[in-house]
Colleague: 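Below is the structure I would like to discuss, written out as structure tokens.
Here the structure is a predicted model, which is why all the values come from computation and not from measurement.
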Amino acid sequence: MPNPILVVKDLTKKYGDNIIFHDINMTVNEGDTDVIIGPSGTGKSTLLRCINLLTKANSGQIWLDGEEITAPGYDEDEVRQHVGMVFQNFLLFNHLTALDNVKIGLSKVKKLKDDQAEAKAMQELDRVGLADRAHHYPGQLSGGQQQRVAIARALAMDPRIMLFDEPTSALDPELIGEVLEVMRKLALDGMTMLVVTHEMGFAREVSDRIIFLEKGSIVEEGPPEVLFYTPKFERTREFLWKITELYGKKESDS
Amino acid sequence: MGSVFVILQRFLPEFLKGTAVTLELTAVGILLGFALGLTLALMRAYGSKPLRIIAIGFIELFRGTPLLVQLFLIYYGLPSLGLTLSQSVSAYLALGFNSAAYQAEYIRGAIQSIGESQMTAGRAIGLSRWQTIRFIIMPQALRLVIPAWSNEPISLLKTSAVVFLIAVQDLMARGKRAASITYNPIGSYLAIAVIYLVMVFAMSALLKWLERKTKIPGFEMETEAA
Amino acid sequence: MDVGRFIQYIASGTAYTVSVTLIALPLGLFLGLIFSLLYVYGGKVLTRIMSIYSTVMRGIPPIVLLFILYFMVSGNINLSPFWAGSISLGIVSSAYQMEIIRGALLSVSGAQMMAARAIGMSRMRAIKHIIIPQAFRMAICPWSNEAAIVIKDSSLVYALGVPEILRRAQLISASTQQPFLAFIVAGLIYFMLVFVTNRLLDGLDKRMRIPANP
């Protein structure tokens with residue numbers, strides 16, 4: 001029996017008259033990696049931000065681990081501890097070393113003792129292969145390394161689900177591989193993940209399900225082999241064809 | 001607040017005379033400061049070593065000491081060296097010298113932001129060093145400096161208020177007189193504060209307009225990296 | 001009167017100048033910090049109020065504001081000119097320091113706040129642990145400028161009769177008939193105070209700098 005970690009029901013977001021997305025329904029099961037694809041400007045990033053409540057949706061409901069986090073009065077800060085988020089531009093804290101970036105949530109939010117927080121942070125850095133860069137500042141790390149620290153920072157909170165918002169699209173081509181590798185490993189380790197990306201290789205290889213979002217609503221969803229080879233809609237085929245054309249070359253390069 | 005209005009009404013002709021003096025001080029200070037500041041900036045950017053040292057010394061000394069000290073040095077100090085100046089001339093000189101130090105730094109910043117490449121380009125077409133400075137660099141620098149420089153008139157207007165301490169009859173001096181006549185210092189100083197505010201707002205609107213007028217799209221000084 | 005005693009007399013005013021600065025500057029910092037936080041994070045009404053405070057306070061000459069505040073402060077509480085003047089100068093400086101800190105807070109981008117919220121920090125915690133430490137570093141340089149201004153503006157309390165450097169210089173210039181020398185000495189002392197302060201803060205800036213931060 002699959003265990004749903006994240007359930008989204010009829011979620012709608014608009015700015016004024018401008019509808020970003022509407023009536024989104026999706027379920028992410030424990031241990032699954034689901035990938036959201038779609039043209040830019042279709043509200044994929046906003047959807048992720050709504051899921052961890054960084055942005056407020058206009059209507060609809062979200063359940064995390066069976067609890068409705070959109071219920072009035074629900075503690076948002078508590079929710080975000082259980083939902084890890086990785087941003088396109090890394091957003092490391094510029095004044096803190098790699099280690100302290102990972103540690104600060106543990107000591108200031110989870111209130112761990114200093115030595116415990118440090119040990120745990122070190123362990124997470126090790127998990128993304130950056131234990132030897134622990135005392136470097138963000139400015140001293142490559143983009144790929146910064147993104148891996150950002151992943152470690154999110155993992156340190158022991159989230160129930162990890163959200164990735166185009167984690168490789170700000171990276172130089174030669175740095176994409178190391179980040180995808182970390183994500184692939186996480187998926188294999190059984191982390192529940194929801195990923196917005198244009199990396200079709202990753203989607204095909206790692207994901208359990210692909211969700212195609214266009215103009216604010218879900219066009220089609222299904223296992224990668226179905227979506228890639230026998231999509232129901234012409235639009236899906238067209239988009240996949242275009243995106244593979246665009247990014248496929250980059251992938252084979254790296 | 002009512003008393004502020006009463007004082008404003010009663011002393012308005014007085015205050016307006018003071019306002020004229022204040023504006024005059026600011027205008028003379030800015031013009032003198034610009035002429036001297038431009039010279040200092042050129043000395044500092046392109047001068048020989050002794051000229052550079054003189055410019056740096058002047059700029060640092062005038063930026064590193066209070067205007068009041070400079071004012072007293074000129075008004076009370078110079079006579080003992082045989083040079084006696086009137087109150088207004090002392091005030092003009094102190095404000096002008098003080099402002100020159102700041103204006104020099106604004107202009108130097110603009111010159112620096114233009115960089116060496118324009119000098120190279122000028123020399124490459126056969127202009128002399130001074131010709132390049134005069135016809136290529138300065139026209140650009142003086143346009144670039146406007147946004148930063150536009151703080152200076154407002155700043156000088158405000159700092160000019162200390163010259164009442166050598167009995168120049170500016171707006172502040174008239175405020176002080178009103179305070180001693182009415183025994184209401186708070187009301188009197190608030191009244192002139194209102195006039196200063198009006199002047200500052202008007203001047204800042206004027207400078208913004210000037211900034212817009214002289215702006216060349218896409219040609220701006222790099223905003224300092226925050 | 002020999003030159004040594006001459007200089008000594010003026011220099012003894014330095015204690016007052018330094019004390020006035022050491023009261024005004026931290027007071028201005030404290031108020032400026034609170035006001036700038038209210039400005040940036042306080043919501044619409046507070047932002048409006050703080051913006052008006054800043055515009056009005058910075059639109060009035062410091063000496064005029066000093067007189068207004070001095071008479072307000074000393075009219076309500078029985079304070080010496082030294083204290084009333086120092087507190088007033090601190091309030092004058094608060095508006096300028098508020099703008100410095102506000103600029104620094106805003107230059108730490110909203111994205112840093114979002115990243116902090118994303119790992120479960122509350123708004124207050126994010127401000128304290130993520131925004132302020134970074135803003136603090138950015139504010140050091142412009143703040144050093146403001147410190148120099150407060151040192152120089154401390155000469156304004158001369159007008160209230162506080163026996164600081166300038167007042168001493170004036171007294172001795174009257175009694176010795178050597179005004180030029182008196183004000184040159186006063187100027188040099190101010191210059192050294194400003195110079196040393198800038199150097200100290202410059203050192204702090206270098207020490208606090210984040211390696212390789214753009």
Colleague: With only heavy atoms counted, which part of A:Phe87 is less than 4.5 Å from chain C, the side chain, the backbone, both or neither?
Modeller: side chain
Colleague: Which residues in residues 48-56 of chain A have any heavy atom lying under 4.5 Å from a heavy atom of chain C?
Modeller: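 Interface residues of residues 48-56 of chain A: A:Arg49, A:Asn52, A:Leu54.
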Colleague: Mind checking what makes ring-ring contact (aromatic ring centres under 6.0 Å, His included) contact with C:Phe183, not counting sequence neighbours?
Modeller: B:Phe72
Colleague: Looking at A:Met85, A:Gln140, A:Arg153, A:Met157, which one has more heavy-atom pairs under 4.5 Å with chain C than the rest?
Modeller: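 When all of A:Met85, A:Gln140, A:Arg153, A:Met157 are compared, A:Gln140 has the most.
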Colleague: Check each atom of A:Glu78 against the heavy atoms of chain C and say whether the ones under 4.5 Å are side chain, backbone, both or neither.
Modeller: neither
Colleague: Who are the side chain to side chain contact (heavy atoms under 4.5 Å, CB included) partners of A:Ala117, not counting sequence neighbours?
Modeller: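 With sequence neighbours excluded, A:Ala117 shows a side chain to side chain contact (heavy atoms under 4.5 Å, CB included) to A:Lys103, A:Leu106, A:Ser107, A:Leu112, given in chain and number order.
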Colleague: Which one wins on heavy-atom pair count under 4.5 Å against chain C: A:Lys108, A:Glu76, A:His82?
Modeller: A:Lys108
Colleague: So if I apply the side-chain hydrogen bond (donor to acceptor under 3.5 Å, both in side chains) rule between A:His95 and each of C:Arg137, C:Gln134, C:Gln112, which one comes out positive?
Modeller: C:Gln134
Colleague: Looking at C:Tyr96, I'd like to know if its OH atom is crowded, meaning that more than 12 non-hydrogen atoms belonging to other residues, nucleotides or ligands lie closer than 6.0 Å.
Modeller: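 Counting neighbours around OH of C:Tyr96, more than 12 heavy atoms of other residues, nucleotides or ligands fall under 6.0 Å, so yes.
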Colleague: Flag yes if more than 12 heavy atoms outside A:Lys110 fall under 6.0 Å of its NZ atom; otherwise flag no.
Modeller: yes
Colleague: Please list, in residue-number order, every residue in residues 114-132 of chain C that has a heavy atom less than 4.5 Å from any heavy atom of chain A; write 'none' if there are none.
Modeller: C:Met114, C:Ala115, C:Ala116, C:Arg117, C:Ala118, C:Ile119, C:Gly120, C:Met121, C:Ser122, C:Arg125, C:His129, C:Ile130
Colleague: Heavy-atom cut-off 4.5 Å, strictly under: side chain, backbone, both or neither for A:Val83 against chain C?
Modeller: backbone
Colleague: I'd like to know which of A:Ile104, A:Asn89, A:Val79 tops the heavy-atom pair count under 4.5 Å against chain C.
Modeller: A:Ile104
Colleague: Does A:Arg184 CZ have over 12 foreign heavy atoms under 6.0 Å away?
Modeller: yes
Colleague: Around atom CG of A:Asp189, are there more than 12 heavy atoms of other residues, nucleotides or ligands at under 6.0 Å?
Modeller: yes
Colleague: Does atom CH2 (A:Trp63) have a neighbourhood of more than 12 heavy atoms from anything else shown, all under 6.0 Å?
Modeller: yes
Colleague: Name the region of A:Leu163, side chain, backbone, both or neither, that has any atom closer than 4.5 Å to a heavy atom of chain C.
Modeller: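 The answer is neither part of A:Leu163.
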Colleague: Answer yes or no: are there more than 12 heavy-atom neighbours, outside A:Tyr74 itself, under 6.0 Å from its atom OH?
Modeller: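 Enclosed: over 12 neighbouring heavy atoms sit under 6.0 Å from OH of A:Tyr74.
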